[in-house]
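All values derive from a computational prediction rather than experimental measurement.
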Amino acid sequence: NARDELKFVLCDRSDYEWARGIIREHALADRCPVLLSPVHGHLAPRDLAEWILADGLPVRLQLQLHKLLWGETPGH
């Protein structure tokens, strides 16, 4: 429902294209907020942001903030 959020965690361009197709096919952004998150260390956040902007995809970019702050340190 509208209070839910849907998150796709993406590893590469093919993951992005698959998610983009699902988002459009099911009009997911009209149903709830949709988040796209790059797998830390596998997909550059900038690349994902550029793809989202180029496609005008109605989603939010979400980064793994704990990975940016503490890296791979256990417990964070």
Side-chain angles (χ1 to χ4, degrees):
N1 65 40
R3 291 182 297 167
D4 293 329
E5 291 183 335
L6 182 61
K7 179 179 177 181
F8 292 87
V9 180
L10 310 172
C11 195
D12 55 26
R13 179 70 190 207
S14 64
D15 280 358
Y16 170 78
E17 291 173 0
W18 174 82
R20 180 186 63 196
I22 296 296
I23 292 164
R24 288 178 173 166
E25 178 182 346
H26 298 284
L28 296 177
D30 294 336
R31 299 167 64 181
C32 66
V34 178
L35 311 170
L36 298 185
S37 180
V39 173
H40 184 76
H42 290 273
L43 175 58
R46 182 179 182 149
D47 290 343
L48 180 53
E50 289 176 355
W51 301 338
I52 291 168
L53 292 172
D55 289 335
L57 209 57
V59 301
R60 295 185 338 207
L61 174 66
Q62 182 185 46
L63 302 179
Q64 294 176 296
L65 188 57
H66 63 286
K67 297 280 188 176
L68 295 172
L69 296 174
W70 295 289
E72 299 297 328
T73 303
H76 292 95

*What pairs of residues pass the salt bridge (charged side-chain N to carboxylate O under 4.0 Å, His left out) test when at least one of them lies in residues 19-45, not counting sequence neighbours?*
Arg20-Asp55
*So, for Ala29 and Ile23, which heavy atoms are closest and what is the spacing to 0.1 Å?*
N-CG2, 4.5 Å
*Identify, with sequence neighbours excluded, every residue that meets side-chain hydrogen bond (donor to acceptor under 3.5 Å, both in side chains) alongside Glu17.*
Arg13
*Taking side chain as C-beta onward, heavy atoms only, is Val9 less than 4.5 Å from Leu36?*
no
*Mind checking whether Val59 and Leu35 have side chains closer than 4.5 Å, heavy atoms only?*
no
Sequence neighbours left out, cut at 3.5 Å: what donor-acceptor pairs do the side chains of residues 38-47 make with other protein atoms?
| unit_1 | atom_1 | unit_2 | atom_2 | d |
| --- | --- | --- | --- | --- |
| Arg46 | NE | Glu50 | OE2 | 3.1 |

_Quick check: do Lys7 and Ser37 have side-chain heavy atoms less than 4.5 Å from each other?_
yes
*Are Phe8 and Trp18 close enough that some pair of their side-chain heavy atoms sits under 4.5 Å apart?*
yes
*Could you go step by step and tell me if Trp51 and Leu10 meet the side chain to side chain contact (heavy atoms under 4.5 Å, CB included) rule?*
CA-CA 12 Å; Trp51 301 338; Leu10 310 172; over 6 Å; no
*Gap between atom CG of Asp12 and atom CG of Leu48 - 0.5 Å precision*: 11.0 Å
_Spacing of CG belonging to Leu68 relative to CG belonging to Leu63, to within rounding of 0.5 Å_ = 6.0 Å
